[in-house]
Structure formats: C-alpha cells, structure tokens
Amino acid sequence: MVNKATKPTDTLIGHDAWNIQLDKNGQLKHFLTTEGLGSDILIQILDTAENFALVNEKSIKKVPLLRGKTIVNLFFEASTRTRTTFELAAKRLSADVLNININTSSASKGETLLDMLQNIQAMHCDMFVVRHSDSGAAHYIANNVAANISVINAGDGSHAHPTQAMLDMLTIRRNKGDNFGNLRVAIVGDVLHSRVARSQIHALNTLNTGDVRVIAPRSLLPTGIENMGVNVFTDLEAGIKDADAIIMLRLQKERMQGAFLPSEQEYFQLYGLTEERLQSAKSDAIVMHPGPINRGVEIDSTVADGPHSVILDQVSNGIAVRMAIMTMTLGREPEADTSQNSTSATKTGART
Ligand code: CP
C-alpha cells in the first residue's frame with residue numbers, strides 16, 4: 001500500500017515562501033498548480049465554487065464582483081471546454097474578456113512571448129489565463145508579469161492543469177460528500193503524458209483521499225509514480241475494484257513520440273471502460289473524464305452516456321470553479337507589508 005507519510009497534509013505547506021502562488025497574506029495570487037497548496041486553499045476554492053454554482057442555476061447568471069477588471073485568455077494550444085468556461089466565468093462575474101487569437105497575433109510575425117505579454121499588460125489588464133504546450137510556461141509568465149497581474153494556468157504541457165483538477169474535486173465532493181478519507185479514486189490511462197492526472201493526484205492527496213490509484217500499462221506510467229502517494233495497478237478490473245470514482249484519461253497522442261502502445265484497439269481491449277468492467281467498481285461509482293473523450297478507445301459510449309457518467313457535470317462545475325478562482329485571486333485583500341522599508345503606497349494598502 002501507499003506510504004501515507006508522503007502525502008502533504010500540513011496546511012502550512014502552501015504558505016512556504018517559495019510558493020509564488022500565494023501573496024504575503026497567504027491568499028491565492030496566481031493559480032499555477034495544485035502542488036504545494038494547502039487543504040485550506042483547496043477547500044476555500046470548493047466552498048466558493050458551491051456559491052457560484054447557485055448563480056449558474058439562476059435565470060440571470062451574472063454578478064458584479066469583477067466589474068471593471070480585464071481578463072485576457074491566451075491559449076497557445078487547442079481547447080474547447082477550458083477556454084469557453086473561463087470566458088463564461090469571467091463574463092458571469094461582469095469582467096471584460098479579451099480572447100487573443102494566437103494564430104492571427106503578432107506572435108505569427110516572430111514577436112516573443114515576453115514582448116507580447118508586455119504589450120498586453122500595457123493595456124492595464126488584471127489577469128492572464130494561459131494554456132501552452134510547454135511545461136512551465138505559466139510559471140514563467142507569472143514570474144515575468146507586472147506584480148498586480150494574476151496568472152491562471154489553463155494547462156501547461158504535461159505538467160499541470162489545476163483548474164481541471166479542482167472542478168474534478170468539486171464533482172467528486174458533490175456526488176460523494178466532503179469526507180475524501182472514505183473514498184477510493186481510480187485514475188485510468190495515459191498518466192505519463194497527463195497534466196490532469198498530476199494535478200488531480202496532488203489535490204486528492206492534499207484532501208486526504210483514502211485510496212488514490214493509478215491504472216495503466218507500464219509504458220504509460222511515469223517512473224517513480226509511487227512516490228506521488230498513489231497505489232499502482234496494471235490490471236484495470238483489479239484497479240477499479242470497489243472504486244467510488246473512476247477518472248478515465250485521454251490518450252495524449254499529440255505528446256507521444258514513439259511506440260507506447262501496440263494499437264488503439266488493443267488498448268481498448270485491456271483498458272477501455274465498458275459496462276461489464278464497470279461492475280468491478282461500487283454500484284454507485286461515478287465515471288469521469290476531463291474530455292475530449294475518444295469513444296471506443298478509452299471509454300465505451302454506453303458508459304460515457306450511461307447513468308454512472310458525470311462527464312457533462314464536470315463541464316458545468318468548471319464554470320463555478322473558475323469563477324471561484326478568479327474572485328479569490330482578483331478580489332484579495334490588500335497585501336500586508338512585512339518589509340521594514342515600506343513605501344507609502346504599500347503602507348496605505350495599495351496592491352503591489
Ligand atoms: N479538459 C480540457 O482541458 O478540455 P479542453 O482541452 O477542451 O479545454
């Protein structure tokens with residue numbers, strides 16, 4: 001079984017000075033990864049999202065919390081769910097939203113990322129939402145933007161997709177209650193290339209989930225995955241046995257260089273989730289997938305569209321989670337000034 005000592009349970013972990021995600025008051029400034037954030041922050045995101053889920057069920061789905069703020073979507077990589085739910089979340093909070101079309105931007109004329117960012121921040125923006133194919137891109141941008149700008153990672157390479165992980169935690173909590181310690185969660189598929197899986201594993205362990213499992217062929221498991229606080233299986237039915245939640249991952253073909261699998265058909269035969277295999281899980285298990293799904297590769301249509309599936313609920317929950325993260329980062333209290341030689345601007349509470 002997993003060594004629980006490797007699990008980050010100390011809520012102070014997220015307040016370490018190295019964590020650029022938090023301001024001097026320990027409030028969320030950027031949201032770049034679930035790694036290193038304490039359970040206090042993750043639970044605050046979930047609780048805040050619950051309030052916004054109520055807004056999203058009303059006939060008028062708009063609140064004025066971010067009126068006057070400008071949010072810029074910078075998607076250097078394809079997206080349907082993440083980009084549109086970020087845009088909807090910002091609009092429902094009454095922010096102004098700018099979607100930069102990278103293909104028709106001056107990036108196509110050779111402008112560097114930093115020059116592009118400096119020009120956009122000269123337009124007095126408050127937040128960049130960034131998706132990029134390079135791992136570390138969101139951290140790089142957060143380290144190079146003006147101090148008053150918040151950066152949200154909408155997926156960077158195979159590193160992290162923290163808002164996806166948090167909408168997944170909200171989906172689990174809404175279906176299974178808030179005691180994650182009672183739960184067995186199984187993550188199935190291409191863990192090696194999955195930023196979603198990494199962010200989910202950190203979040204599940206921080207929330208003290210009883211049993212976090214990963215299930216995949218060895219060729220799709222990162223070396224040392226056991227050290228992330230998960231139990232590892234290569235047999236699907238054994239891995240999902242008595243699971244409360246099963247998270248299916250997409251085969252990330254765009255990140256595969258070389259032969260990781262004999263064929264998609266063989267993968268489906270061994271790792272595809274069918275109604276028959278689902279019988280191994282608990283009778284009330286939920287089936288999740290971050291999307292986009294490959295029907296007949298990772299999951300059978302009868303399961304994807306069946307009674308256990310909460311795949312479309314995940315998309316709805318994504319709006320509420322992104323509203324929560326936007327308000328927490330942009331609506332922070334002014335930072336406490338801990339330096340001895342503070343300027344008058346910081347003394348009077350202006351955001352740095
Ligand atoms: N889950 C997810 O990130 O989907 P998109 O690539 O469509 O945004």
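The residues of the chain are indexed from 1 along the displayed sequence. Read the numbers this way: they start at 1 and go in the same order the structure lists the ligands and their atoms. The analysis underlying the following values was restricted to heavy atoms, covering all of them including side chains, and did not include hydrogens, waters or symmetry mates.
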> With distance as the sole test, does Asp126 use its side chain to make a donor-acceptor pair with the main-chain N or O of Leu330 at under 3.5 Å?
Replying inline: no

> List by chain and number: which residues place a heavy atom under 4.0 Å from ligand 1?
Replying inline: Ser79, Thr80, Arg81, Thr82, Arg131, His161, Gln164, Pro290, Gly291

>> With a 4.5 Å cut-off on side-chain heavy atoms, are Asn73 and Phe128 touching?
In response: no

>> Restricting to side-chain hydrogen bond (donor to acceptor under 3.5 Å, both in side chains), what partner residues turn up for Arg173, sequence neighbours left out?
In response: Asp47

> Taking only residues two or more places apart in sequence, or in another chain, which ones meet Lys91 in a side-chain hydrogen bond (donor to acceptor under 3.5 Å, both in side chains)?
Replying inline: Glu87

>> Is it the case that over 12 heavy atoms from other parts of the model lie below 6.0 angstrom from the CG atom of Leu54?
In response: yes

> Taking only residues two or more places apart in sequence or in another chain, which ones pass side-chain hydrogen bond (donor to acceptor under 3.5 Å, both in side chains) with Gln118?
Replying inline: none

